[in-house]
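For reference, the structure is listed below as structure tokens.
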Amino acid sequence: MAKLLGSLNNSSLTRRMATTLVVIFLTSLAIVLSLLNFLLQGQAISRINQQSNLIMDSMLAVREYTSQHVNPIVAPMNNNNVEFMPEAVPSYSATTVFSFLKNNPNYSNYSYREATLNPTNLKDKADSTESEIIQEFRANPTMKLKTGERQTPVGSFHYIARPIKVSKQSCLACHSDPALAPKSQLLTYGKNNGFGWKLGETIGAQIVTVPVDAIYTSKRNSLLSLSSLVGLSFLGVGLATLILLQKLILRPIRLMSARADEASIHPEAIEFAEKSRPDEIGSIARSLERMKQSLIISMRMLKEKNQ
């Protein structure tokens with residue numbers, strides 16, 4: 001910094017002005033980019049949470065519809081049929097509806113799981129990460145929501161999880177004791193899985209995962225575009241400022257300096273036209289004009305004395 005200040009002190013006023021503007025420009029640009037990055041980061045996180053909650057709420061709506069309108073019709077059939085009809089199960093309906101959503105390329109990397117520690121269908125068996133989430137819900141009964149990020153071989157994913165609790169007595173008809181379960185269920189899934197649940201127990205978690213790489217890439221691209229626009233704007237303002245300084249201040253000062261040098265030899269032939277200006281440049285010009293008049297008088301007196 002000391003070397004920079006020393007260099008500036010020894011340089012021309014134009015160079016010092018330009019260097020000062022560059023420092024101001026770079027400092028301002030760094031501050032603006034930091035603020036933009038913070039703002040865009042917040043928008044990206046908000047977008048991720050919005051997408052996650054939308055999918056979660058949609059699947060909850062499917063579960064509720066199945067529980068209220070489909071289960072009362074299909075569940076009695078499972079007591080008589082040889083083949084179990086999973087359409088009566090809210091979790092089956094939710095995961096099936098989501099599988100159709102995944103057919104849309106825009107949602108192909110999204111996922112919805114109803115992971116369970118002791119599921120009837122082993123496809124719903126929780127993996128190690130999901131088991132940790134479920135155990136955390138079990139250890140904290142008041143916890144209603146958990147969010148975080150998961151790293152996978154295909155990228156980073158944001159997840160939102162809610163606990164699955166046995167909240168209705170009717171659920172225990174299929175999950176308490178194999179002797180109480182529909183025969184079709186036992187024939188389809190066996191009697192070793194999905195039993196022993198208790199009312200109020202947290203048995204699993206609904207987990208929505210949303211890919212974040214694309215969203216963060218979009219954020220970085222937006223930041224790059226905005227940075228370019230801000231940088232060009234600052235550059236334009238800096239150049240315009242330097243041109244105006246050059247025209248309004250630096251050029252008049254250089255002209256007055258040249259005329260002041262000439263006035264030291266031929267003061268009568270020099271006129272400081274800038275003295276009519278009302279600003280500081282005019283004030284300097286008027287001072288030089290007074291100095292010129294004093295020089296003329298002094299030279300006249302010296303000439304008369306020599307004669």
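The shown structure was predicted, so the numbers you read here are calculated from the model rather than taken from an experiment. Sequential numbering from 1 along the given sequence is applied to the chain's residues. Note: hydrogens, waters and symmetry copies are ignored here, and every other heavy atom, side chains too, is used.
By the 6.0 Å contact criterion, CD on Gln41 is enclosed, its count of non-hydrogen atoms from other residues, nucleotides or ligands being greater than 12. Within 6.0 Å of atom CZ in Arg254, more than 12 heavy atoms from other residues, nucleotides or ligands are found, so the atom counts as buried in its surroundings.
Shown here for Ala161 and Ile207, the closest heavy-atom pair between the two residues is CB-CG1, 3.9 Å. The shortest heavy-atom contact between Thr66 and Glu87 is CG2-O, 3.5 Å. Closest heavy-atom contact between Asn193 and Pro119: CB-O, 3.1 Å. Of all non-hydrogen atoms in Val89 and Phe84, the two that sit nearest each other are CG2-CZ, 4.1 Å. Of all non-hydrogen atoms in Pro72 and Pro76, the two that sit nearest each other are O-CD, 3.3 Å. Nearest heavy atoms, Cys174 versus Ala181: O-CB, 4.2 Å.
Hydrophobic cluster membership differs between Leu21 and Leu235, with clusters built from Ile, Leu, Val, Met, Phe, Trp and Tyr side chains linked at under 4.5 angstrom. Tracing side-chain contacts under 4.5 Å through hydrophobic residues (I, L, V, M, F, W, Y), one reaches Tyr65 starting from Val74; they form part of the same cluster. Under a hydrophobic clustering in which Ile, Leu, Val, Met, Phe, Trp and Tyr are joined whenever their side-chain heavy atoms come within less than 4.5 Å, directly or via other members, Leu33 and Leu26 fall into the same cluster. Val230 and Phe25 fall within the same hydrophobic cluster, defined by Ile, Leu, Val, Met, Phe, Trp and Tyr side-chain heavy atoms under 4.5 Å apart, directly or through other members. Residues Ile45 and Val208 are members of separate hydrophobic clusters, defined by side-chain heavy-atom contacts under 4.5 angstrom among Ile, Leu, Val, Met, Phe, Trp and Tyr.
The line from CG of Leu101 to OG1 of Thr96 is 12.5 Å long, rounded to the nearest 0.5 Å. The distance from atom NZ of Lys102 to atom CG of Asn109, rounded to the nearest 0.5 Å, is 6.5 Å. One distance of note links CG of Leu186 with CG of Asn192; it measures 10.0 Å at 0.5 Å rounding. The structure places CG of Leu229 at 9.5 Å from CG of Leu224, a figure rounded to the nearest 0.5 Å. Atoms OG and OH, on Ser91 and Tyr112 in that order, are 7.5 Å from each other to the nearest 0.5 Å. Annotation: the span from Leu226 atom CG to Asn221 atom CG amounts to 11.0 Å, rounded to 0.5 Å.
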For side-chain contact (heavy atoms from CB on, under 4.5 Å), just list the numbers for Phe98 and Ile55, CA-CA rounded to whole Å, side-chain angles, deciding distance to a tenth of an Å, and then say yes or no. CA-CA 9 Å; Phe98 189 80; Ile55 294 175; 3.6 Å; yes
Test side-chain contact (heavy atoms from CB on, under 4.5 Å) on Val166 and Lys198 and set out the steps. CA-CA 7 Å; Val166 182; Lys198 297 177 182 179; over 6 Å; no
Please test His158 against Asn49 for side-chain contact (heavy atoms from CB on, under 4.5 Å), starting from the C-alpha separation and ending with a verdict. CA-CA 8 Å; His158 176 82; Asn49 287 328; 3.0 Å; yes
side-chain contact (heavy atoms from CB on, under 4.5 Å) evaluation trace for Ile133 with Tyr159: CA-CA 11 Å; Ile133 295 172; Tyr159 73 83; 3.7 Å; yes
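Within the 3.5 Å criterion, the main-chain N or O of Glu64 finds no donor-acceptor partner in the side chain of Ser67. Using modelled atom types, no side-chain atom of Asp124 and backbone atom of Ala115 make a donor-acceptor pair closer than 3.5 Å. A donor-acceptor contact shorter than 3.5 Å links the side chain of Lys125 to the backbone of Leu117. Looking at Gln51, its side chain never comes within 3.5 Å of a backbone N or O of Val210 through a donor-acceptor pair. Although no hydrogens or angles enter the test, the distance criterion places a donor-acceptor pair under 3.5 Å between the side chain of Asn118 and the main chain of Phe195. Although no hydrogens or angles enter the test, the distance criterion places no donor-acceptor pair under 3.5 Å between the side chain of Ser46 and the main chain of Gln43. The backbone N or O of Thr95 lies less than 3.5 Å from no partner atom in the side chain of Arg113, so there is not a single donor-acceptor pair.
In this structure the side chain of Ile297 reaches within 4.5 angstrom of the side chain of Met301, judged on heavy atoms. Contact annotation: the side chain of Met56 approaches that of Leu60 to within less than 4.5 Å [non-hydrogen atoms, C-beta and beyond]. The closest side-chain heavy-atom distance from Arg63 to Gln206 is below 4.5 Å. Contact of the Trp197 side chain with the Thr116 side chain is registered, since non-hydrogen atoms from C-beta on lie closer than 4.5 Å.
Within the structure, salt bridge (charged side-chain N to carboxylate O under 4.0 Å, His left out) pairs that include any residue of residues 41-62 comprise Asp57-Arg162 (at least two apart or interchain). Residue pairs that meet the salt bridge (charged side-chain N to carboxylate O under 4.0 Å, His left out) test with at least one member in residues 149-158, sequence neighbours left out, are Asp127-Arg150. The side chain to side chain donor-acceptor pair (under 3.5 Å) pairs that include a residue from residues 172-181 are Thr120-His175, where partners are two or more places apart or lie in different chains.
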Solution key, residues 135-144 side-chain donor-acceptor pairs under 3.5 Å, sequence neighbours excluded:
unit_1, atom_1, unit_2, atom_2, d
Glu136, OE1, Lys146, NZ, 3.3
Arg138, NH1, Glu201, OE2, 3.4
Arg138, NH1, Thr202, O, 2.6
Asn140, ND2, Glu136, O, 3.0

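Residues satisfying the side-chain hydrogen bond (donor to acceptor under 3.5 Å, both in side chains) test with Arg290, not counting sequence neighbours, are Ser287. Residues satisfying the side-chain hydrogen bond (donor to acceptor under 3.5 Å, both in side chains) test with Tyr107, not counting sequence neighbours, are none.
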